[in-house]
Structures are given as structure tokens and as C-alpha cells.
Amino acid sequence: MAQENQELDRAVSGEYALGFEIDIEEDKVPPGLNEEVIRFISKKKEEPDWMTELRLKAYHRWLQMEEPHWGHLEYEPIDYQSISYFAAPKKGPESLDEVDPKILEAYEKLGIPLEEQKQLAGVKVAVDAVVDSVSVKTTYQEELLEKGIIFCSISEAIRDYPELVKKYMFSVVPMNDNYFAALNSAVFTDGTFVYIPKGVRCPMELSTYFRINALNTGQFERTLIIADEGSYVSYNEGCSAPMRDENQLHAAVVELIAMKDAEIKYSTIQNWYPGDEEGKGGIYNFVTKRGLCEGENSKISWTQVETGSAITWKYPSCVLKGDNSVGEFYSVAVTTLAQQADTGTKMIHLGKNTSSTIISKGISAMKGQNTYRGLVKIGANAEGARNYSECDSLLIGSECGAHTFPYLESKDAMGQVEHEATTTKISDEQLFYLRQRGINEEDAVSMIVHGFCKEVFSQLPMEYAVEAKALLNLTLEGSVG
Amino acid sequence: MSQTVMNIKNLHAKIGTKEILKGLNLELEEGKVHAIMGPNGAGKSTLSKAITGHYDIEVTDGEIDYKGQNIVDWEPEDRALEGIFLSFQNPVEIPGVNNAYFLRTAVNAKRKYEGKEELNAAEFLREMKKLVEELGMKPEMISRSLNEGFSGGEKKRNEILQMMMLEPDLIILDEIDSGLDIDALRAVSEGINKMKDGKRSFLVITHYSRILDYIEPDYIHVLKDGKIIKTAGPELVAELEEKGYGAIEEA
């Protein structure tokens, strides 16, 4: 039995394939956080004074807050003064042709084409590429702008579309929402801004690929997506980082706003460096993501495949304000090695006949600890609100753990809430059945795990579903054979 | 004189600390149908698990020679690739795994092992559809999740479907008739009989003689308390029916 476990462990300790470092010169501020550093970041980004002031305000709020520790997570205290809050490749991205070839090469290696003629799996996908604290390139901008779609880095948006930014930034995630959101609001560096005008269906997938490269640097991206009335957009984000022995902090904020009849589909494939099997190194991923279904019949759908990071603390949420609005959360979270994830969602029903669906699949292997934490809140006026939640955990081996914390607050007796939860161990009988048919152990584990995740993967855009499946294989079964 | 396909010699096997097989000897001939009969708890299922390499079983002594090699230490998949197929008594459900996708993976793993070209999706589906029809299965079984929500009869037909697609050399049928109505039993045994080609061997493990009316055995072995205590021709079935297992004494 013990031997069988070891084999299983071997089958699930995939190697991190994206751990290379880009050898580029970087501009970096010395570690530490104070007003000077914030002013420096703001200046580097050529921001107007109002933005600098907002950052400083957030910083002072943050100073008065305490790091939250309610997550089912264990980690060494984070020393915020040892982190560098800004790092940027030295060769500036003034012109698209001037992007450092080493960066282009690195993105090529990651499978993300930054040249418009090279398409991902034959499909047109617009990409915003962010290395450390800056956006180095955004593709298809002009083509999108012809339809009135704004797709640019958040730094550009602050300079070029201040009215939109002033109106919507901090409107869904206030700067003092939580400790990490406040920190992000003070020091956020780059991220993506999207605006889809009324009645426009975005003709291609939009995506951002985040890469942490510099040593001792945190990444604090900020993304803001606004879908105006009757519009539709599908947005995807991916990420990776070099393998390093020390932990690096990633604290992002994402805000989505869907107006009347608008729909935003937001997909994440999170593959930050997870650290090693003793828990050394890896990204600390503390992220605040929230979408506001502002208008009637609006819809926000979060799909996430979380395979990376040493620590994940993340609850993509929907505030269902508009009547008949719909919120969805589909999640696959994998913790192997010594990874810990505390993730889930919040569905806040405010409008009438709002509905939400939560499908969460947690997979734990080796010493991985996986926690689902979700809140369904039904407000006093949310007549006819409905929620369906399904939280399934799959355990591979015996040293890992799965935990489920569903919370329900209902002020409306009419609300309909259904919750189902299962925990299953990948069964010897299932494995044996497949192996008896001549399928090797590695492929058998992968087949069972993929079957378990099917409902979530089917939500991803085709080209990303392929990537997610490949990534899951790599994460779980790299070293057999 | 037929060739021996499998020769089990003095097999001792335990589950946990309990010894179940206690020096079992059994010789299986190429192209023949061997039936193993015996009371509950005699070790019938343990024997099928020992032959296929199930993790629960620890072989403590003896040999299982298959095609001239002792396979006691082989991985389950290696035994399968060499042509040993087990039709499970209770096929396990695997949610989210498409039946056709699973079976194509298995078929192609075997073809690859044999140095044959892998079947593409269209070739494979053509073959699978034909057999699904032959076995009287509903077409939707092709794309449903493996065994999930299948009735007892559907599960058994699906086992036979896999057997027919994988074309094994030694087929172990563990209580194939349990939970089958008469139509399903007929379809399943027709499938099995079609596989008889004079080369392929069958090991039919059963508690009741009903299945043996449909699949005619060449030999009957009585398994009791972890050992084969009697081997005879098909005429033994009638005797067992009449007198029960209690009357059979170790030869």
C-alpha cells in the first residue's frame, strides 16, 4: 500500500516547465514601501496627479489595516519592506518593433504569439503582454478600436481615458476592500483595461499574459473591464514565473462591470511557480476579483483553472444588482507538492430573480491542501433569487487534504438555494479498471482527473481548454515513464 | 493435444492478512472454455484478481505462467497488453470519462504495443457503432460517461463490447450472468461465442450453471477453500446441480 502511494506521488509531481528566466536588463526600485516609492511608480507611469493622490490615499488606508489570516493557509509572515514594488524591462516599449527580442522569444516559448500574423491555434486572439510591472505589447489594438473597443494597458487607460477610469476604478472593489486590495490600489503597476461599447460583440478573444521575471519583485496588476449595454466579451488571462527559492508576492485586483443585457466571460489559467515539494519558493497569490452585474439581464461568468502558486487566496465574486442578472463560477483548483489553496466565490444576490451557479472542483495530491470557501448571500429585495452550488473534491494519495466551507446568508425566505458537496478519493477500483484495459497508470490518473474536471473545462474557450488540459497533465503526472 | 496458454502452479495469495488461495493449480488450454465453479467465498474472484494483478492481492507463493512467462510481478496494464482481459463482476463508474474516448485509448494502447498503426477517431467509431448495434446497446452509450448510471445489463454489455474491440487472447468472465435478464444474457453470450476462434481461451467464473447453457464449457473446475478440488468435463455441471458443492470431495 505504501509503495502504491509512492507511485501515485510520482505520478502526480509534475515538473514546472515555465520556470526559465528572461535575461533582460530591468529597471527596478530598491525593496521597500513608502510614499516616495508610490510617487516614483506613479511618475514612471506618467500618471496625472489625481491618480497619484488616489494611490497615496490607498497607501494610508493600507497602513491602518491588518493582513487577514482567516484562510486555511499556513505561511511565513510576508515582509512587505523586502519586496521591490516596481521592475520594468529597460528597453522601453515605445514602439511595437522595439520590444526586446528576448521578451518576444520568451513569449514564444510560453506559446503566446505577440506578432499579429501568428495566431494561437489558428484563432485570432488579442494579447496584452505584461512583464513584471509593465505592459510590453498589446496586439490587434487598431482593429478593435475600429469597433470602438478599447483594449490597452491600464497605464495607457489612465492617461488616455481618464473619465472611464475615474468612474469605474474602485467602484466594484473599493480601495479599502481588504488588505491586499488596498496594497494593490497603492502600488498597482500594470494590467489590462477593456471597454466594449453599447451593442458590440467583441469579435475575438481578449487576453493578458502576465509574467513575473525580476527577482524579489512583487506583481500588482490591476484589470478593469467594462461591458456597456448589450455587449459581449470573452477575456482570458494566463501567467507564469521563474523557479526561485524565495517566495514572491502577487496581489492583483480585477473589476468587471456588466451593464444591461451585457455579458462578460472571464477565464483564468493560473500557473504561477508553485514552489517545490518541501514548500520552498513559489508565488503567494492574493487576489481580489469581483464583477458587478449592474444592469438587468446582465451576466458575468468566472472560469478558473488554478494549478500554480504556493499559496492561493482568491474568491472571484459576482454582485447581482440588476434584476434577472446571472453570476457563474466554474473552478478547478489543483494543489500538489506543498501547495495550499483557499479559493471559492461570493454570489451576492441583490436584484429580483437573480440566479447563480457555483461549480467547484478541488484536486489535492501529495501534500497539497485545498479549501473551498464560498458565500451565497440573498438580500432582502432579491425576490426569486436562486443558487445552485456543487463542490467536489478529489484526493489523490493520503497526505493531502480537502476542506469545504460554504456560507449562506439569506434575508429572503423565497430564495432557493441548493448545495451539494462530495469528497472522493481517486479510487483503486477506477485505476485498476483502466489499467486492466491496458492504459498505463499515468494516463489512467489523467483520464480520471479530466473526467472529474469536465464540467469546468467545457466552459473554457476551445483553445484555452486544450491548454488547460495539457497543463493539468503536466502538473499532475510529469515524471512517470 | 492443445497448447497450454496459462499454467497456475501452487498459487498462494492473500488479501490483507487473510490467505484466500491456498496452493491452487490450474492449467488453461488454448482455444478452450474453462469454467470455474464453486461456493461463495471459495476464492473465485480472488483468482481473477490474482491473474490480472489487482493491488489488493498479494501473491505469497507459486507462479502464474502465461505464454511461457511468470507474470506474478507484472503491472496490470502489461498483463492486459499481452492479451489478458477481465470482464468485471461490478464494473466501476468513472464520471466525466466518455465511453468512446476511453475505449479508443485502450484499443490504441494495445495496437501501439503490438506495433500496429493507431485507429483514428472515424475508423474507431465505425467499428464501435457496429458492435454497439450487434450487442443491442443504445447508440447513446457511445458518448455517455463510462458505466455512469448504466443499468446492470448495460454494464455487462459494455464489458463485452470492450472485449470484442480489444480482441484479447485470454478472457476471464467474472460472474458475467449476474444481474442479467434473459435478453441481455442472450446478447452477451452471443458476443462471447462469436469470439471463439479455436485459439482464444476463456475462463468463466460462475456460481450458477445458467450461463453454461449458453457458453458451452470444455472443462469444469471446482474451486473450494482456495484450491481446485476437481476437474472434469461438462457432464460435471449436472452432478453439481443435483448434489451441490458439498458433495464434491478433493480428488
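By convention in this document, chain letters (A, B, ...) are assigned in the order of the sequence lines, proteins followed by strands, and residues within each chain are numbered from 1.
- Here CG of B:D197 is found 9.5 Å from CD of B:E167. Values are rounded to the nearest 0.5 Å.
- Here salt bridge (charged side-chain N to carboxylate O under 4.0 Å, His left out) pairs that include residues 90-100 of chain B, with residues two or more places apart or in two chains, are B:E93-B:K155.
- Each salt bridge (charged side-chain N to carboxylate O under 4.0 Å, His left out) pair with one or both residues in residues 365-375 of chain A, not counting sequence neighbours, appears once here: A:D342-A:R373.
- Contact of A:F452 with chain B is made through the backbone alone, with heavy-atom distances under 4.5 Å.
- Looking only at heavy-atom pairs under 4.5 Å with chain A, the residue among B:V92, B:L81, B:T105 that has the most is B:V92.
- Annotation for B:F124: atom CZ counts as buried by contact number, over 12 foreign heavy atoms lying within 6.0 Å.
- Interface residue B:L166: only side-chain heavy atoms are found under 4.5 Å from chain A.
- Interface remark: B:P168 contributes no atoms to any contact with chain A (heavy atom separation under 4.5 Å).
- Rounding to the nearest 0.5 angstrom, the gap separating the CD1 atom in A:I448 from the CD1 atom in B:I94 is 5.0 Å.
- Residue B:N108: no heavy atom, backbone or side chain, is found under 4.5 Å from chain A.
- Residues B:E154 and B:K138 are paired through a salt bridge, judged by an N-O separation under 4.0 Å between the basic side chain and the carboxylate.
- The part of B:L146 that comes within reach of chain A is its side chain, from C-beta onward, which places non-hydrogen atoms under 4.5 angstrom from that chain.
- Heavy-atom distances place no part of B:Y113 under 4.5 Å from chain A, backbone and side chain included.
- Contact annotation for B:D56: only side-chain heavy atoms (C-beta onward) come within less than 4.5 Å of a heavy atom of chain A.
- No other option in A:Q430, A:R437, A:K454 has as many heavy-atom pairs under 4.5 Å with chain B as A:R437.
- More than 12 non-hydrogen atoms from other residues, nucleotides or ligands lie less than 6.0 angstrom from CD of B:E140.
- Ranked by non-hydrogen atom pairs under 4.5 Å with chain A, the options B:A80, B:S145, B:A109 are led by B:A80.
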